[in-house]
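Remarks on the structure that follows.
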Amino acid sequence: MNFDDLGLSADLLRAVNDQGYSEPTPVQQQAIPLILQGKDVMASAQTGTGKTAGFVLPMLHRLSTERLKGRRPVRALVLTPTRELAAQVSDSVSTYGKYMLLRQAAVFGGVRIQPQIQKLRRGVDILVATPGRLLDHVNQKTVDLSTVDMVVLDEADRMLDMGFIHDIRKILALMPDTRQTVMFSATFSTSIRRLADELLDQPTLVEVAARNTAAENVNQLVHPVDQHRKRDLLSFIIGDGNWQQVLVFTRTKHGADRLARQLAQDGLKTTAIHGNKSQAARTRALSDFKRGSVRVLVATDVAARGLDIDTLPHVVNFELPNVPEDYVHRIGRTGRAGNEGDAISLVSADEYYMLKNIERLLNRDITKNVIPGYEPETPMPTRSSRPRRGGGGRRSGGGGGQGRFKSRSNNAAAPVRRSSSRSEGTGSRRPASVGPARPQKRSQTA
Ligand code: AMP
């Protein structure tokens, strides 16, 4: 399928062509026509699948077909969980809308509200916002949401995790009932389905990746190692592999700062990004990292959400996340847009149970490889010593010895293509253009 087949305007096709995209990704192929038809859509797509263009392109198309007169009311709203993601969606709106005359603003916390107010006063067609700051504007009456006829909830699962549900309900209650609502989520958890039932009107389901499945072109590997040796091992791996751009995850802000300091002492140009840093510091850290002047970016889960670095080759879990789904999000930072990537986890004895939970979620074992000289004092338990509930039949030894890195697949096809074929079963269970299994009327009680 080509972009030309999707029914997008010439201005948008030109902008897409400028980006060098040869064909729409599976989420784009499925979501764009539905959104253009004005349907409510609930899409499950991880970062790296091209999901942003999947909603920005049809949103811009729909806005451009309506004639503008006089004052510019906000007609489309994108809600995101983090400032970084808001900034990136806003960049995408600029990129894809560069041949159009639409105006947009991004409003998020951590920066002064006054310039945002001035921009809103001049009139915008598209607003990209984090929920908290948007409600600040609502309270100050600097934005009117009663004219919004399309809303996108981006990374809805993360917004739920971050406790934005009440804010989202309040915001949606300010919009007309007739609006189009589109929801993107990396996973289809029960709570996400419930939210979709509540907020969307007979949505069409788009699922391009199997539920909770990590991107297939990410080579995942676990190095069992003692906690106190992780930092040495990380420095060794980065130096030995001559990695020039690596994103490292820690669980806490404090841990991120400490590790960044230690790696810097080891001679690696490192910076940390987390919620305690000012927006300016976070933006600077990200652009230094993207430019290559910083080699290692240490981040917490929340701060890393939405980071879009086109060809990030290496992600390291310095500590495993408490929530297994976060592992999927983390490693989705690499292996994007058809590129291959390595996701390495340094796992100490106290984290073995977390690793098991992650493997259970992924429904696969991750290859383990002890690096000589970094053997852990407490070896990783083998499957036989830890009986699993419910059987399962998948078995593999723990201490796999495939060498440091698994050989890369020669299959250069975009991961999304493979995901799509896997998802056909999901789509075919429902007739085309019919709502989900449990369509319900939209309820707007805040
Ligand atoms: P996203 O999943 O929206 O974060 O997008 C991940 C990356 O894919 C971004 O860097 C986009 O620029 C890129 N991208 C989006 N659509 C396409 C496409 N059709 N072909 C190639 N790359 C794309």
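Atom set for the values below is all heavy atoms of this structure, side chains included, hydrogens, waters and symmetry mates excluded. Whatever order the structure lists them in is the order used to number ligands and atoms, beginning at 1.
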- Has ligand 1 got any nitrogen or oxygen that is less than 3.5 angstrom from a nitrogen or oxygen of E23? yes

- Task: Please confirm whether Q19 comes under 4.0 Å of ligand 1, counting heavy atoms of the residue only.
- Result: no

- Message: Can you confirm if the NZ or CZ of R14 lies within 45° of the ring axis of Y99 and under 6.0 Å from the centre of its six-membered ring?
- Response: yes

- Item | Residues R103, D125: salt bridge by 4.0 Å N-O rule | no

- Close N or O approach (G50, ligand 1; < 3.5 Å): yes

- Message: Any salt bridge linking D266 with R231? Criterion: basic side-chain nitrogen under 4.0 Å from a carboxylate oxygen.
- Response: yes

- Decide whether an N or O pair under 3.5 Å exists between Y21 and ligand 1. yes

- Note on the structure: Check: of T52, T95, L57, min heavy-atom distance to atom 3 (O) of ligand 1 comes from T52

- Task: Output yes when K230 and E319 qualify as a salt bridge under the 4.0 Å nitrogen-oxygen rule, no when they do not.
- Result: no

- Message: As an exercise, identify every atom of ligand 1 less than 4.0 angstrom from a heavy atom of F3.
- Response: 19 (N)

- Query: Does a side-chain heavy-atom distance below 4.5 Å link R75 with R62?
  - Reply: no

